[in-house]
Amino acid sequence: MSSPSAVAAQPGTRELTLSQAVNEALAEEMRRDASVFIVGEDVAEAGTPFKVLSGLVEEFGPERVIDSPISEAGISGIGLGAAMTGMRPVVDIMFGDFMTLVMDQLVNQAAKIHYMSGGRLKAPLTIRTTLGATRRSAAQHSQSLHALVAHVPGVKVVLPATPYDAKGLFKAAIREDNPVVVFEDKMMFAVKGPVPEEEYVLPLGVADVKREGEDVTLVATSSMVYVALDAAEQLAADGVSVEIVDPRTLVPLDRETIVASARKTGRAIVIDEGHRSYGVGAELAALIAEDAFYDLDAPVRRMCAMDVPIPFSPVLEDLTVPTADTVAAEARRLVGKE
Amino acid sequence: MSTMRETKLTSDSTIERWLDAYHRMATIRAFEERVNELYRSAKMPGLAHLYIGEEAVAVGICMALRKDDYITSTHRGHGHCLAKGAAADRMFAELLGKEPGYCRGKGGSMHIADHENGNLGANAIVAGSTGIATGAAMSAKMRSTDQVAVCFFGEGALGQGVLYEVMNMASLWKLPVIYACENNLYNEYTHYSETTAGDLVARGEAFGIAAEQVDGQDVRAVFDAAVRAVARARRGDGPTFLVLNTYRFHGHHVGDVDRSYYRSEEEETEWKSERDPIELLTGWLREQGVVAETLAQIGSEAQQEVEAGVEFALAAAYPDESEVDQHVFA
Ligand SMILES: Cc1ncc(C[n+]2csc(CCOP(=O)(O)OP(=O)(O)O)c2C)c(N)n1
């Protein structure tokens, strides 16, 4: 995966992996705010199975980088209680699939506490977890369940695609007074990209145009940004100019940037790795259909994971998610260049 | 086994049983060593969690079961599947994502299910199968069969609330289920003492469940405990909670090679040299008069079965692409 240059490599920037960028965001926030702590399975010495948190326990100690039992419901509940009483916990949920175990604490408790209390209580809780298939991890370690979370009012949802975005959005998530779930694609941890030396925070709710173009808009989330970028290269060779919009956060959603791009190009494909039905793809497509209808030259298309559990066999798994080839083919159909 | 010279303490039929146990344990060991090689030579997609070192647990328990009894398994499930009767060739085929695999390649290492042998499936969610095993036991009771269900899980699953919900119901409703907690000392990369408060056996006792601790490296001790638990379940006297003390000789998964940050080499060496379940059984069988050639013969048979299984799987076809959206619904 090659990273788009959200920030041109210039003095004061270095290349970091997405994993390093997340690690740096956490370290900076923990240095600046003593109420920030991390709790999760194998987060301390192991630094998570993906090694994203390596080194943090050495700097901040086991009181702030806490290895928990395998108790996802428990750690999210404890995280919530701590968040409501003055701490800023980051709860690490190793695989996005285990979010199902977190759901009661998140959906029935964390998401509603501010509203139910008439604005009196706050839950500055950050949950970091994963999404994404094609790692040959089979049906219970490959799901992209961000739509389940985004469906519930009261939770913010962040899907960074680049190291730059991951760092800036993570810092914003920790500073938020609301529950935020950050989904990182586990296939992207090694993706490299420029990250400034100096501190920065990216606001939630601002989309990023990852590539400018004229003929067709690809609205892509998380690792689907890379699929879109590769498709755009193929399409450029065919004379099709592609614009890529990365919403970066699903809640809040930057409707204006997405709609403006669709109105400009007149054609839009929405690409998301969640399942097709009742998902993020459907939401984004509906938004474009509602707000850009009179400027569209073709129906909005959705490209998502198939509505099947993710199969183990590589020959089957690779069929279940959008690829640069399938996206490019769909775009060609849309612009009448089949 | 015709080469047996004499039996000192034990009857021939008992010796036959332990030679069978030896065969099953040797098969699991050979299978897992081959899985590791397939991973290292990049012939297997994804990862696998090896059962090497823990063979006596699955074998001792499954020897006390009938074919129609149920088990549920875990991410570290190859040993349970083989011990319950699965064939190495179809298991390898599953691990390689091939069509003749137990799940037509759709499940992979962590999801092998073998309905014909009562295996309701391995599971990649820690404690994910505790409800299934308990429900299978409830079903056996409601259908008035005398089947039992064994729920295998690692001590890491003691962190999950669902386990305690179902244990409570199993005790209340006297369900024929055996909770087999394999304590191999580590939840992934963290020692269980850092994640598990209090006493393990007491967690069963708290629900009024018969609970005991067993040396999980001693297949005969495991078998004896399992026989007692199965008898209790079939009698209608309800569940049993077994804590089987064991050790995984390899990493958490095949890629976990550098382990020094969470456990010492001395600890590993000690278990491997003093507490290898196959060596312990070998020692006992030799004391009973079984000659080394007999065991070598059984070992090489196991090896050959495994080799043939790998060959079969490597040559097998992948599923057809049309299968991708089949089996979503029954
Ligand atoms: C609900 C859930 N949380 C976390 C994981 C990740 N995970 C896989 S295996 C494992 C450790 C399991 O330890 P244990 O139950 O003792 O079994 P062992 O691996 O030691 O056999 C963890 C945390 C998971 N698969 N499911």
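Neither the backbone nor the side chain of A/A73 comes within contact range of chain B, judged by heavy atoms closer than 4.5 Å. The part of A/L319 that comes within reach of chain B is its side chain, from C-beta onward, which places non-hydrogen atoms under 4.5 angstrom from that chain. Only the backbone of B/L96 comes within contact range of chain A, judged by heavy atoms closer than 4.5 Å. Using a 4.5 Å cut-off between heavy atoms, B/L163 does not touch chain A at all. Within the 4.5 angstrom heavy-atom criterion, only side-chain atoms of B/V126, from C-beta onward, approach chain A. Of the two parts of A/F95, neither the backbone nor the side chain holds a non-hydrogen atom closer than 4.5 Å to a non-hydrogen atom of chain B.
Here the closest non-hydrogen pair linking A/P69 and B/G159 is CB-CA, 4.5 Å.
The residue among B/A124, B/G101, B/A157, B/G46 with the most heavy atom pairs within less than 4.5 Å of chain A is B/A124.
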Put together the list of donor-acceptor pairs under 3.5 Å connecting chain A with chain B, please.
residue, atom, partner, partner atom, Å
A/D42, OD1, B/Y189, N, 3.3
A/D42, OD1, B/T190, N, 3.4
A/D42, OD1, B/T190, OG1, 2.5
A/K51, NZ, B/Y261, OH, 3.2
A/I70, O, B/Q160, NE2, 3.3
A/S71, OG, B/G159, O, 2.6
A/E72, OE1, B/Q160, NE2, 2.8
A/Q140, OE1, B/A124, N, 2.8
A/Q140, OE1, B/I125, N, 3.4
A/F312, N, B/K106, O, 3.0
A/S313, N, B/G105, O, 2.9
A/S313, OG, B/G97, O, 2.5

